[in-house]
Asks: 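Okay, here's the structure, questions in a sec.
Only this structure's heavy atoms are used, side chains among them; waters, hydrogens and symmetry mates stay out.
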Amino acid sequence: MSFETHSDDMRSRREDMLDAIRASVRNSAEYTGRSELSPRVMAAVGTVPREKFIPPAYRHLAYQNTPQPIAAGQTISQPLIVALMTDLLDPQPDDIVLEVGTGSGYQAAVLSQLVKHVYSIEIHRELAETAADILQQLGHDNVTVKTGDGYAGWPAQAPFDGIIVTAAAETIPAPLLEQLKPGGKLVIPVGAEHGFQELLLVEVDESGDVSRRSVLPVRFVPLTGQGKAN
């Protein structure tokens with residue numbers, strides 16, 4: 001992949017962002033059971049030029065550990081959440097993963113450095129097309145983006161080693177569980193649209209049994225409005 005060279009200022013801001021993520025991970029260890037994230041994940045987060053996925057008016061805020069506005073009334077999510085969800089997925093070099101909710105394309109860009117291929121679905125056509133263009137410009141040739149309803153997953157490309165959902169659902173969509181390989185992981189925020197939501201790690205073992213663990217209380221847009229958290 002070919003990234004444009006960051007200025008010294010951008011490199012400094014990026015390092016500050018990584019430090020903020022590390023501090024947030026330590027502070028939330030009581031919830032997550034993680035006092036640090038995988039070096040591979042942190043390296044991927046530190047490599048992606050986040051400002052490329054943010055509108056020009058907000059690019060000076062690109063490396064703050066906060067959400068930022070993008071098109072279609074959506075946001076690119078907090079770097080901590082992107083890093084944590086990626087870490088929970090435990091991506092491996094030969095994995096094929098599905099992302100539901102492409103948004104800006106930032107989460108897909110991080111994942112693309114860690115897996116064989118990323119299939120990403122975005123309900124907002126404007127976001128899907130813009131994200132696909134940016135990802136192509138940055139050399140992420142192992143990401144395929146389409147416009148569609150992510151609730152149904154992507155049956156033609158299933159099964160997946162992992163699935164990451166960046167918009168909240170009231171319940172875990174059954175089609176997504178059905179598209180996981182044995183041993184696969186699903187990372188998804190679940191809860192009422194205007195109530196309590198929690199980030200879940202869902203795993204399917206080799207015999208098909210499903211287990212779920214609450215990782216962190218969160219606040220995401222509903223699955224019907226995909227596009228927030230990436």
Asks: Indicate the atoms forming the closest heavy-atom contact of Leu135 with Ala108, along with that distance.
Replies: CD1-CB, 4.3 Å
Asks: Closest approach of Pro91 and Val115, non-hydrogen atoms and distance?
Replies: CB-CG1, 3.4 Å
Asks: Do other residues, nucleotides or ligands put more than 12 heavy atoms under 6.0 Å from Gln136 CD?
Replies: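 Counting neighbours around CD of Gln136, 12 or fewer heavy atoms of other residues, nucleotides or ligands fall under 6.0 Å, so no.
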Asks: For Arg213, look at atom CZ and say whether over 12 heavy atoms of other residues, nucleotides or ligands are found less than 6.0 Å away.
Replies: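 Yes - once you tally the heavy atoms of other residues, nucleotides and ligands closer than 6.0 Å, there are more than 12.
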Asks: Spell out, as yes or no, whether a donor-acceptor pair under 3.5 Å connects the side chain of Arg59 to the backbone of Ile54.
Replies: yes
Asks: When you measure from the side chain of Glu122 to the backbone of Gly103, do you find a donor-acceptor pair of N or O atoms at a distance under 3.5 Å?
Replies: yes
Asks: How long is the straight-line distance from CE of Met17 back to CZ of Arg22, given to the nearest 0.5 Å?
Replies: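 These two atoms lie 9.5 Å from each other.
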Asks: Can you confirm whether the side chains of Gln157 and Tyr119 place a donor and an acceptor under 3.5 Å from each other?
Replies: yes
Asks: Do Met85 and Val215 come within less than 4.5 Å of each other through their side chains, counting heavy atoms only?
Replies: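 No - every pair of side-chain heavy atoms lies 4.5 Å or more apart.
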Asks: Evaluate side chain to side chain contact (heavy atoms under 4.5 Å, CB included) for Ile70 paired with Phe53, printing each intermediate quantity in order.
Replies: CA-CA 8 Å; Ile70 57 173; Phe53 298 89; over 6 Å; no
Asks: Is there a side-chain contact between Arg14 and Pro79, using heavy atoms and a 4.5 Å cut-off?
Replies: no
Asks: Please report the closest heavy-atom contact between Glu206 and Pro182, naming both atoms and the distance.
Replies: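 Shortest heavy-atom separation between Glu206 and Pro182 comes out as OE1-CB, 3.4 Å.
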Asks: Ignoring hydrogens, what is the shortest heavy-atom contact between Gln179 and Pro155? Give both atom names and the distance.
Replies: OE1-N, 3.6 Å
Asks: Going from OG1 on Thr32 to CZ on Arg26, what distance comes out if it is rounded to the nearest 0.5 angstrom?
Replies: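 Answer rounded to 0.5 Å: 12.0 Å.
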Asks: Tell me, with the steps shown, if Thr166 and Ser77 meet side chain to side chain contact (heavy atoms under 4.5 Å, CB included).
Replies: CA-CA 9 Å; Thr166 65; Ser77 72; over 6 Å; no
Asks: Any donor-acceptor pair under 3.5 Å linking the side chain of Arg50 with the backbone of Ala62?
Replies: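 Side chain of Arg50 to backbone of Ala62, a donor-acceptor pair under 3.5 Å: yes, one is there.
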Asks: So, for Val145 and Ala132, which heavy atoms are closest and what is the spacing to 0.1 Å?
Replies: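 Scanning both residues, the minimum pair turns out to be CB-CB, 4.1 Å.
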Asks: Report yes if the side chains of Thr66 and Leu61 come closer than 4.5 Å at any heavy-atom pair, otherwise no.
Replies: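 Not in contact.
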Asks: Could you state the interatomic distance from CG (Asn142) to OG (Ser112), rounded to the nearest 0.5 Å?
Replies: 5.0 Å
Asks: Is there a side chain to side chain contact (heavy atoms under 4.5 Å, CB included) between Leu216 and Arg34 once you walk through the steps?
Replies: CA-CA 11 Å; Leu216 196 70; Arg34 285 165 156 76; over 6 Å; no
Asks: So, Asp16 and Arg13, do they make that salt bridge, N to O below 4.0 Å?
Replies: no
Asks: Phe160 pairs by side-chain contact (heavy atoms from CB on, under 4.5 Å) with which of Asp95, Val97, Ile96?
Replies: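 Result for side-chain contact (heavy atoms from CB on, under 4.5 Å) with Phe160: Ile96.
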Asks: Please find the pair of heavy atoms, one from Ala71 and one from Leu127, that lie closest to each other, and give the distance.
Replies: O-CD2, 3.6 Å
Asks: Crowded around Gln92 CD? As in, over 12 foreign heavy atoms under 6.0 Å?
Replies: yes
Asks: So, applying side chain to side chain donor-acceptor pair (under 3.5 Å) with Tyr63, which one of Glu51, Arg11, Glu15 is it?
Replies: Glu51
Asks: Can you tell me how far CD1 of Ile163 sits from CG of Leu180, rounded to the nearest 0.5 angstrom?
Replies: 4.0 Å
Asks: Got a second to check how far Glu198's CD is from Ile188's CD1, nearest 0.5 Å?
Replies: 11.0 Å
Asks: For Leu200, is there any backbone N or O sitting under 3.5 Å from a side-chain donor or acceptor partner on Arg212?
Replies: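 Here the side-chain-to-backbone pair does not exist.
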Asks: I'd like to know if the side chain of Glu126 reaches the main chain of His124, judged simply by a donor and an acceptor atom lying under 3.5 Å from each other, with no hydrogens or angles considered.
Replies: no
Asks: How long is the gap from CG on Asp9 to NE2 on His60, to the nearest 0.5 Å?
Replies: 12.0 Å
Asks: Between the side chain of Asp161 and the main-chain N/O of Lys181, is any donor-acceptor distance below 3.5 Å?
Replies: no
Asks: Run the side-chain contact (heavy atoms from CB on, under 4.5 Å) test against Asp209 and tell me which residues pass, sequence neighbours left out.
Replies: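 In terms of side-chain contact (heavy atoms from CB on, under 4.5 Å), with neighbours along the sequence ignored, Asp209 is linked to Asp205, Ser207.
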Asks: For Val25, check side-chain contact (heavy atoms from CB on, under 4.5 Å) against everything at least two apart and list the hits.
Replies: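 Listed in chain order: Ile21, Leu37, Leu80.
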Asks: If you apply the rule side chain to side chain contact (heavy atoms under 4.5 Å, CB included), what do you find for Leu199 with Leu84, and how did you get there?
Replies: CA-CA 10 Å; Leu199 183 63; Leu84 177 60; 4.1 Å; yes
